[in-house]
2 protein chains.
Amino acid sequence: MSEPSGPTMASIGRVAGVSRQTVWNVLHAPDKVRPETRARVERAIRDERYRPNRVARSLRTRSARLLGYCMEPRGGPDLNPVQDRFLHAVTEAAEARGYHVLLFTTQRGDPGRRASSRGGREDDRLDGYAELLAEAAVDGFVLSDTTVDDPRQAWLHERGVPYAAFGRSWSDGEDPGPWVDIDGAAGVESAVTHLYEQGHRRIGFVGWPTGSGVGEDRVSGWRRGCERLGLAPGPLARGDNTSDTGQALAAELLDGPDAPTALVCVSDVLALGCLAELRRRGLRPGADIGVTGFDDAPFAALPGVELSSVEQPIERVGADVVRLLIDQLTGEPPAESHIVLAPSLRVRASSIHPTTDPVTP
Amino acid sequence: MSEPSGPTMASIGRVAGVSRQTVWNVLHAPDKVRPETRARVERAIRDERYRPNRVARSLRTRSARLLGYCMEPRGGPDLNPVQDRFLHAVTEAAEARGYHVLLFTTQRGDPGRRASSRGGREDDRLDGYAELLAEAAVDGFVLSDTTVDDPRQAWLHERGVPYAAFGRSWSDGEDPGPWVDIDGAAGVESAVTHLYEQGHRRIGFVGWPTGSGVGEDRVSGWRRGCERLGLAPGPLARGDNTSDTGQALAAELLDGPDAPTALVCVSDVLALGCLAELRRRGLRPGADIGVTGFDDAPFAALPGVELSSVEQPIERVGADVVRLLIDQLTGEPPAESHIVLAPSLRVRASSIHPTTDPVTP
DNA sequence: CTGTTAGCGCCTTCAC
DNA sequence: GTGAAGGCGCTAACAG
């Protein structure tokens, strides 16, 4: 059970014939040590394969050098490719600054207290965020999948807990803390512009139900794009984020009074439903009706799908979120606290009008 | 900078008018404390929102209660839905036993030493696994995406580092350590059986290049299934895991001497390519040619795809891997060290023969 | 049952 | 430049 516990500063000191403080100096203030001594200590460090014990360091410095990240359970088939890439980016960026990511989950939704499990009496058992904090297991949190007025932001802000979020808070008044987000409006607008260039003049929008900050942001990009290009905004249909809904909404728009020749969709899943509806009607995506999605989900690039989509620079988001968070932890002056990154359209067959495309000389 | 540091055992003891050891007893050996005293201490713990400091505990017990997991960078569009779900399952299972997951990445492939970055001189800088170990930052590792004779297993085994893997080692002789894996052969065999029941008698296989343990396991399930059903194994084609390759392989098989009426594919990505080739030829998946995939990737369920696929019980795998690992850490008697779980076929349109299906009364 | 005592490995003044 | 001493918060063996 009791492992023979690796080398310590003391053991290195013994080997090198110096005190453990000299070992510390060699590691943290090398110029304060005479070259011969330093060489001797460095040699011992290498021979013994010494590495400072992270736990002991954390206890002393009161910093675990760990960033908490809550994994939301994926309900149903997850078509969102974002979480994986984001986590990888966050992990890599954190490592570059000597931090690691600690994963956790929460069963109940909100952070804060929750009812006791025994007797129904009020209890102070704390949920995931509060628990890790109280245990001093992490120094701060990385948030993602933030929603309108996300309770987590306010909760963390009130307690002065360092955090940084992927996704703005969308709150009207308050500004709880630092975030990085994608400029969804700009992304959608670029899709509108692209479709315009492909010859479309009647561009519809397939969106989510009202109330979602992300969704309204994207709608506004569609409106703005149409306006800028001198187009009357085409018809708009809304529904929840499933491809079945997308199919129904596409049918609704195509059968409506002023049928669009192109559909800009708020998500790839909805866009996929649109593609299905086009196929059902014998219409060719791109050639007959232009379609674009948002997210650049993995399936967008598949043969037989070939969906044009707005791609989010997730790796960049992860790196920036980590920077925002760790700068707080190290007391660095916060250069900026809100970062908006521009996404870019990936053009595929679903939005290319063959005749408009100047391929043949 | 210096946070006013939350409550400690000592401060709780002061509030409750007892020594900090009594506080410890209340937490770890409640029956050793007189009920009144205990009540007083418990009340103080709640009032102060005390939670034991994880870092201090770790230092003392020499156990970080952290499991390391290396995030492999995803090359290109990742169509594999597994990592996300697996990580979530692992995190949840770990939490249930008081552990958390620590994420890290490695730039270089193999664990072990790597060349110095300065001067080319041999250096003892250690990579991700070794580093976390030397720093005592984790107690063990969870592996996934293991390959044939994965170097990580041997490396960890040699050093006596606790670990558990998702994926058997596929090594011929040695048995480096505990793993959980999916019975790929059984999964494929169930696909063969299902296609047989749909009326197919000539069943081809679309596989990966030889040499992959996972791939050969699945091929063997196809052979076994055909044999058991008294069928001569249909034609076999191999290629790398892209849907373009899948399309080419499907064409090869369908144009070959004894064209199959059904295609069992080693992966969903290859199966998707097969579906594309069928569509190109005006053949209907299911009705004309049965197709099955493996993994139950998110896109398999999409409308317009409807691919039958062998689904892996990832959540179960995650839970079992964690159990195998933590049992080692706590010195529990290892009940078993190799767990093989049965996957199950999810039947969708791509493998259902309409006339064979007894729907109409 | 309760309190005393001694570290875990590191960081950080302070003397020599 | 180098060494000595104290403490972060917890665990654990031992006395009272």
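Quantities reported herein were computed from a predicted structural model and do not represent experimental measurements. Sequence lines set the chain letters: A, B, ... in the order given, protein chains first and strands last, and positions in each chain run from 1.
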Peer 1: Would B:Ser11 and B:Glu48 count as having a side-chain donor-acceptor pair, cut-off 3.5 Å?
Peer 2: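 Short answer, no.
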
Peer 1: B:Ala56 side chain: which of C:dC11, D:dT2, D:dG9 is closest?
Peer 2: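 Nearest to the side chain of B:Ala56 among the choices is D:dG9.
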
Peer 1: Report the distance from atom CG of B:Leu59 to atom C1' of C:dC8, rounded to the nearest whole Å.
Peer 2: 4 Å

Peer 1: Would you mind classifying the nucleic acid contact of A:Val18 as base, sugar-phosphate or nothing, using non-hydrogen atoms under 4.0 angstrom?
Peer 2: sugar-phosphate

Peer 1: Between A:Thr22 and D:dG3, is there a contact of a side-chain N or O with OP1 or OP2 at under 4.0 Å?
Peer 2: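 The answer is yes; a side-chain N or O of A:Thr22 sits under 4.0 Å from OP1 or OP2.
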
Peer 1: Between B:Thr8 and B:Arg20, does a side-chain contact (heavy atoms from CB on, under 4.5 Å) hold up when you go through it step by step?
Peer 2: CA-CA 9 Å; B:Thr8 70; B:Arg20 69 177 189 225; over 6 Å; no

Peer 1: Answer with yes or no whether B:Gln21 presents, from its side chain, a donor or acceptor under 3.5 Å of a partner atom in the base of C:dT5.
Peer 2: yes

Peer 1: Write out the stems for DNA chain D, ordered by first number and formatted as range with range, counting runs of at least 3 consecutive Watson-Crick or G-U wobble pairs under 3.5 Å.
Peer 2: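 As far as DNA chain D goes, consecutive pairing (with distances under 3.5 Å) yields the stems C:3-16 with D:1-14.
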
Peer 1: Give B:Thr37 one of three labels, base, sugar-phosphate or nothing, depending on what nucleic acid heavy atoms sit under 4.0 Å from its own.
Peer 2: sugar-phosphate

Peer 1: Would B:Phe104 and B:Leu132 count as a side-chain contact (heavy atoms from CB on, under 4.5 Å) if you check the C-alpha gap in whole Å, the side-chain angles of each, and the deciding distance to 0.1 Å?
Peer 2: CA-CA 9 Å; B:Phe104 67 106; B:Leu132 288 173; 3.5 Å; yes

Peer 1: Taking only side-chain N and O atoms of B:Arg34, does any of them lie within less than 4.0 angstrom of OP1 or OP2 on C:dT2?
Peer 2: yes

Peer 1: Looking for any heavy atom pair under 4.0 Å, which part of the strands does B:Thr8 touch: base, sugar-phosphate only, or nothing?
Peer 2: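 Answer is sugar-phosphate: B:Thr8 comes under 4.0 Å of backbone atoms only.
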
Peer 1: When the aromatic ring centroids of A:Phe141 and A:Tyr69 are compared, is their separation below 6.0 Å?
Peer 2: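 For A:Phe141 and A:Tyr69, the ring centres are not under 6.0 Å apart.
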
Peer 1: Show the nearest heavy-atom pair for residues A:Val317 and A:Phe166, with the distance to one decimal.
Peer 2: CG1-CD1, 3.4 Å

Peer 1: Can you check whether any acceptor in the base of D:dG6 is under 3.5 Å from a donor in the side chain of A:Arg20, or vice versa?
Peer 2: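 Such a pair exists between side chain and base.
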
Peer 1: Is the shortest heavy-atom distance from the side chain of B:Val33 to the side chain of B:Thr22 under 4.5 Å?
Peer 2: yes

Peer 1: On DNA chain C, compare the nucleotides closest to B:Arg60 and B:Val33; which residue's is nearer the 5' end?
Peer 2: B:Val33

Peer 1: Could you say whether B:Ser19 or A:Asn53 is positioned toward the 5' end of DNA chain C, judged by the nucleotide with the nearest heavy atom to each?
Peer 2: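 Its nucleotide being nearer the 5' end, the pick is B:Ser19.
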
Peer 1: In whole angstrom, what separates A:Met9's CE from C:dC8's P?
Peer 2: 15 Å

Peer 1: Are any of A:Arg62's side-chain N or O atoms less than 4.0 Å away from OP1 or OP2 of D:dG9?
Peer 2: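 Yes.
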
Peer 1: Only one of B:Gln21, B:Arg40, B:Glu42 forms a side-chain contact (heavy atoms from CB on, under 4.5 Å) with B:Val26, so which one is it?
Peer 2: B:Glu42

Peer 1: Rounded to whole Å, how long is the line connecting atom CG of B:Asn25 with atom C1' of C:dG3?
Peer 2: 10 Å

Peer 1: Is the phosphate of D:dC8, meaning OP1 or OP2, less than 4.0 Å from a side-chain N or O of A:Thr61?
Peer 2: no

